[in-house]
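Notes for the one structure printed next.
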Amino acid sequence: MIAMRSIPLILLLLILSLVMPAGAFTADDLALTIQENGDAEIRFEYTLNWMERFAVFLRIADPADEFRSALERAYKKPVEVQSVSSGSAVFRVGGLASLKESDEGLRYSVPALDFSYAVVELEKYWFAPLVQVDLTPDLTTLTFPDGHTESFVQVAGIPATSHTISF
């Protein structure tokens with residue numbers, strides 16, 4: 001008897017999910033903090049709509065794992081997931097910045113990062129028609145050990161960036 005009552009509700013939810021506009025995974029902020037030894041902590045904040053939250057709940061999709069894979073592909077280094085919440089993930093990349101001593105000080109060089117290919121990869125998944133991926137953070141910050149910060153607004157990546165810290 002209860003099952004008969006739930007059929008109209010299930011049909012209504014199915015129809016609503018078919019006529020609702022596609023969802024959007026939105027990158028909000030990306031912060032790269034370079035440590036003295038060249039390791040990096042990367043904090044990625046994002047917004048999921050109700051459909052994506054449901055997919056994460058059912059373990060159909062995992063934004064942190066997808067972002068980890070994108071970082072490993074971009075930097076060709078192992079990436080460790082430090083923490084994950086419903087709207088953010090923190091990663092560690094060992095030896096991300098290369099260090100070089102000179103007469104002027106210690107030069108930190110961070111390779112470029114580009115997520116445009118990640119959108120193409122995500123479009124290959126079966127759920128791609130259901131979501132619109134926006135991997136362009138509103139703000140990306142790159143902070144060096146001395147506190148110097150480079151900021152990038154509405155870009156899907158960052159250029160190779162260097163900064164020298166005087167002795």
Side-chain angles (χ1 to χ4, degrees), residues 22-49 51-53 55-57 59-125 127-128 131-167:
F25 172 89
T26 306
D28 298 326
D29 291 312
L30 178 64
L32 288 83
T33 304
I34 306 301
Q35 309 298 315
E36 286 186 17
N37 65 356
D39 292 355
E41 178 183 279
I42 301 174
R43 179 176 197 76
F44 181 55
E45 295 181 10
Y46 50 85
T47 303
L48 302 175
N49 68 17
M51 192 180 334
E52 292 153 347
R53 286 183 189 268
V56 169
F57 175 75
R59 300 185 194 273
I60 295 171
D62 182 356
D65 191 51
E66 296 299 331
F67 193 69
R68 181 194 54 76
S69 295
L71 286 170
E72 285 181 343
R73 181 179 218 169
Y75 289 132
K76 295 175 181 41
K77 294 184 179 289
V79 175
E80 178 184 334
V81 178
Q82 297 282 303
S83 66
V84 178
S85 72
S86 63
S88 68
V90 179
F91 307 90
R92 183 185 167 283
V93 182
L96 177 67
S98 60
L99 285 65
K100 185 175 182 182
E101 263 188 63
S102 71
D103 292 338
E104 295 149 8
L106 187 58
R107 182 179 181 89
Y108 288 82
S109 298
V110 179
L113 176 63
D114 180 13
F115 287 124
S116 59
Y117 71 88
V119 174
V120 174
E121 288 298 314
L122 288 172
E123 288 173 350
K124 295 177 183 176
Y125 285 95
F127 58 81
V131 297
Q132 294 173 340
V133 178
D134 177 7
L135 290 180
T136 304
D138 294 333
L139 178 65
T140 300
T141 56
L142 172 58
T143 305
F144 291 91
D146 65 347
H148 174 79
T149 302
E150 298 281 336
S151 298
F152 307 91
V153 178
Q154 289 287 314
V155 293
I158 59 171
T161 307
S162 295
H163 174 66
T164 301
I165 299 175
S166 301
F167 295 123

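These numbers come from the heavy atoms of this one structure, side chains and all, not from hydrogens, waters or symmetry mates. Just so it is clear, the model here is predicted, and its values are computed rather than measured.
Here the closest heavy-atom approach between residue Ala27 and residue Phe44 is recorded as CB-CE1, 3.6 Å. Residues Ala97 and Tyr108 come closest through the heavy atom pair CB-CD2, 4.3 Å. Taking every heavy atom of both residues into account, Lys77 and Gly95 meet most closely at CE-O, 3.1 Å. Residue Leu71 comes nearest to Val79 through the heavy atom pair CB-CG2, 3.8 Å, listed as atom of the first residue, atom of the second, then distance.
For Thr140 (side chain) and Asp138 (main-chain N/O), no donor-acceptor pair under 3.5 Å exists by modelled atom type.
Side-chain contact between Thr141 and Ser151 is present, with at least one heavy-atom pair separated by less than 4.5 Å.
A side chain to side chain contact (heavy atoms under 4.5 Å, CB included) with Pro145 holds for exactly one of Ile34, Thr33, Leu106; it is Ile34.
Expressed to the nearest 0.5 Å, how far OG of Ser85 lies from CD of Glu45 amounts to 8.0 Å. Atom CD1 of Ile42 and atom CG of Leu32 lie 4.5 Å apart (nearest 0.5 Å).
Partners of Pro111 by side chain to side chain contact (heavy atoms under 4.5 Å, CB included), not counting sequence neighbours, listed by chain and number: Tyr75, Leu96. For Gln82, the side chain to side chain donor-acceptor pair (under 3.5 Å) partners are Glu80, not counting sequence neighbours. For the side chain to side chain contact (heavy atoms under 4.5 Å, CB included) test, residues two or more places apart in sequence or in another chain that qualify with Ser98 are Ser109. Under the rule for a side chain to side chain contact (heavy atoms under 4.5 Å, CB included), the partners of Asn37 that lie at least two apart in sequence or sit in another chain are Gln35, Asp39. Considering only residues two or more places apart in sequence or on other chains, Thr161 meets the side chain to side chain contact (heavy atoms under 4.5 Å, CB included) condition with Leu142, Phe144, Glu150, Phe152, Pro159.
Applying the salt bridge (Lys or Arg N to Asp or Glu O under 4.0 Å) test to pairs two or more places apart or on separate chains, none has a residue in residues 100-110.
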